Amino acid sequence: MSTLDWIVIGVFAVVLAGIVVWVFRQKQTGSDDYFLAGRDATWLAIGASIFASNIGSEHLIGLAGAGASSGMAMAHWEIQGWIILLLGWVFVPFYSRSMVLTMPEFLERRYNRESRTILSMISLVSYVLTKVAVTVYAGGLVFKEVFGIESLWGIDFFWIAAIGVVALTALYTVIGGMKSVLYTSVLQTPILLLGSLIILVLGLKAVGGWEQVLAACRATPVNDCGDSMINLIRSNRDASFPWLGVLIGSSVIGFWYWCTDQYIVQRVLSGKDETQARRGAIFGAYLKLTPVFLFLIPGMIAFAMAKNGVTVNGEVFRISSADAAFPTLVAKLLPAGVKGLVVCGILAALMSSLASLFNSSSMLFTIDFYKRFKPQAGEKQLLSVGRIATVVIVALGILWIPVMKNVGAVLYNYLQDVQSVLSPGIAAAFLLGIAWKKATPKGGMWGLIAGFIIGLVRLGAKVYYTSGVEASDNWFKYLFYDVNWLFFSGGMLLFCILVVVGVSYFTRPASESQLQGLTFSSTTPEQKAASRASWNRWDVIHTCIILAFTAAFYIYFW
């Protein structure tokens, strides 16, 4: 890092601090202001926050690592702007009408209080196992690679960098709440996009162009069925990414993440009205088309450079591991000043992802647990409890990092693997809750419970069988460990849907008054008219453009 790089980082820090101070001086009278920015956000802030919250270390490190190890296989999870459109067009009207603060609160209105508690518990567990552990681990790894420091004061620099990012992010999130997350995202998103675009351009120049990347990846088989790293659709006999399993599994995970997860949906809940919330989702869908090109393809470029023996500054380019692909590109390719800008982009992604996590987790615990048991608690007490809960969740996530490193060789694969077993039960409850009026409170609740139990068993089996123990083949090992994780996720969704339907036929349905406005068939003509008035032809045109681009991408990389 040169002096110019540190100056660029310093300027970024000053601007970021200025935004936080401005937010802090705004009036935030209670938890609604703190958690949802007073429900006054516009489409620009919502879309930027959706993208910046999603783009974290799992992309800078994990997605680039996936590109370097398996090529285009994980692109299915990134070319999912079409699912964000489902959030904007299908789910936003129901969420806006309900005026809820959290997704568990929505399930309470649709089903019962127990469903709310179960979803809150699942969400907090998923934050510990995925978002906290992955983001903190990748934050430490990226700065260790970029700065080239092994240890400092006798401590592994990985942990110094990881804890430092957590502390810095917590500072501005605790001070400003949701508004600081939204408005700093507007700053961070263009920096992240610009920095990653520079890496893409310089990487293509160094490797000799896109054709060189294609040639290197086409020459690298990924299975015995004739597929190479460049193939998006692979044989159904592929052990890791069979095409049918990928299409099913990525859709299940995507539906849960983009349409029902508090981490993402909280951004549209902060919109001033249904129009702004929907357009924010559409803008977020546009931005979601970029990660494949900005993160996954640079990973493939790093693979091609290492395979072809490309020389950079007199040294042969090498990557120590797949997950080190992106930070190695930053360290080796970028000139002074530009490296500082890209480091700002990386820091922005890490901080934005963590900030969104801090805000969402504190909101879940405060609103869905603490406030229920202490309804008389004042606003200041609620905010204090939320901050303490966030500290505990982050600490648990850090403790999980050693286990995570053992379970998943590639960060992004680990992330999707864990999410594939936590998402089906939630997806089934929300999908049937809105689409099927006859889904009863008990049915939705037991669908959530079934999904959570099966998911934990599968995750426990994964940890156990990857620990190196000698285990004989049996039906349990086959079902909960050997079966491809993507097919398992699809099977879980089907099973949870059957549980919801089966229990619903033998239990009491919700009342008409409870269901009003929460399902398709119980929406009133006035509510339908209000939703129709919230969009125009330009919203439809932009939606069609996103769908067309997605189709073209699949055709090109088929």
Side-chain angles (χ1 to χ4, degrees), residues 1-9 12 57 59-72 74 138-151 157-158 161 191-220 228-230 290-350 410-412:
M1 297 287 286
S2 67
T3 302
L4 183 58
D5 291 319
W6 287 112
I7 292 174
V8 171
I9 295 174
F12 169 78
S57 51
H59 292 81
L60 294 170
I61 304 301
L63 186 55
S69 63
S70 58
M72 294 300 299
M74 301 302 290
L141 178 63
V142 71
F143 286 108
K144 183 176 181 178
E145 291 286 340
V146 170
F147 294 136
I149 302 174
E150 288 297 325
S151 63
F157 189 72
F158 165 84
I191 292 176
L192 175 60
L193 292 175
L194 178 60
S196 300
L197 181 61
I198 292 172
I199 282 286
L200 175 65
V201 172
L202 293 182
L204 286 173
K205 181 180 178 181
V207 78
W210 176 237
E211 290 301 324
Q212 292 296 322
V213 179
L214 289 178
C217 292
R218 283 199 182 104
T220 306
S228 68
M229 289 179 65
I230 204 64
T290 62
V292 169
F293 305 97
L294 297 179
F295 306 113
L296 187 141
I297 287 180
M300 295 169 64
I301 291 172
F303 168 82
M305 290 175 64
K307 181 176 181 179
N308 295 344
V310 174
T311 300
V312 180
N313 297 326
E315 296 182 4
V316 176
F317 183 88
R318 293 186 178 89
I319 51 176
S320 58
S321 66
D323 283 335
F326 194 87
T328 303
L329 288 172
V330 173
K332 300 295 185 182
L333 292 183
L334 299 184
V338 179
K339 184 183 294 186
L341 179 64
V342 175
V343 169
C344 288
I346 295 173
L347 185 61
L350 296 171
V410 178
L411 192 64
Y412 199 75

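This is a predicted model, so every value here is computed, not measured.
Note that CD1 of Ile297 is 8.0 Å distant from CG of Leu204, once rounded to the nearest 0.5 Å. Taking CD1 of Ile199 as the start and CG of Leu334 as the end, the distance is 4.0 Å to the nearest 0.5 Å. Note that OG1 of Thr220 is 9.5 Å distant from CE of Met300, once rounded to the nearest 0.5 Å. Separation of atoms CD1 (Ile301) and CG (Leu200) is listed at 5.0 Å; rounding is to 0.5 Å. Taking NZ of Lys332 as the start and OG1 of Thr311 as the end, the distance is 12.0 Å to the nearest 0.5 Å. Separation of atoms CD1 (Ile230) and CG (Leu214) is listed at 4.5 Å; rounding is to 0.5 Å.
Using a 4.5 Å heavy-atom threshold, the side chains of Leu329 and Phe317 count as touching. Side-chain atoms of Met305 and Thr328, non-hydrogen and from C-beta on, never get closer than 4.5 Å to each other. In this structure the side chain of Met72 reaches within 4.5 angstrom of the side chain of Val292, judged on heavy atoms.
The minimum heavy-atom distance between Ala322 and Ser69, with the atom names listed, is CB-CB, 3.9 Å. Summarising the geometry of Pro335 relative to Leu202, their closest heavy-atom pair is CD-CD1, 4.2 Å, with the distance given to 0.1 Å. Heavy atoms only, all atoms of each residue included: Val207 and Ala304 are closest at CG2-CB, 3.8 Å. Residues Ala66 and Met74 approach most closely at CB-CG, 3.6 Å, considering heavy atoms. The nearest pair of heavy atoms linking Ala302 to Ile319 is CB-CG2, 4.4 Å. Taking all atoms of both residues into account, the shortest heavy-atom contact from Leu333 to Gly203 is CD1-CA, 3.7 Å.
The backbone N or O of Ala216 lies less than 3.5 Å from a partner atom in the side chain of Lys307, making a donor-acceptor pair.
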| said: Walk me through whether Phe293 and Leu197 qualify under side chain to side chain contact (heavy atoms under 4.5 Å, CB included). | reply: CA-CA 8 Å; Phe293 305 97; Leu197 181 61; over 6 Å; no
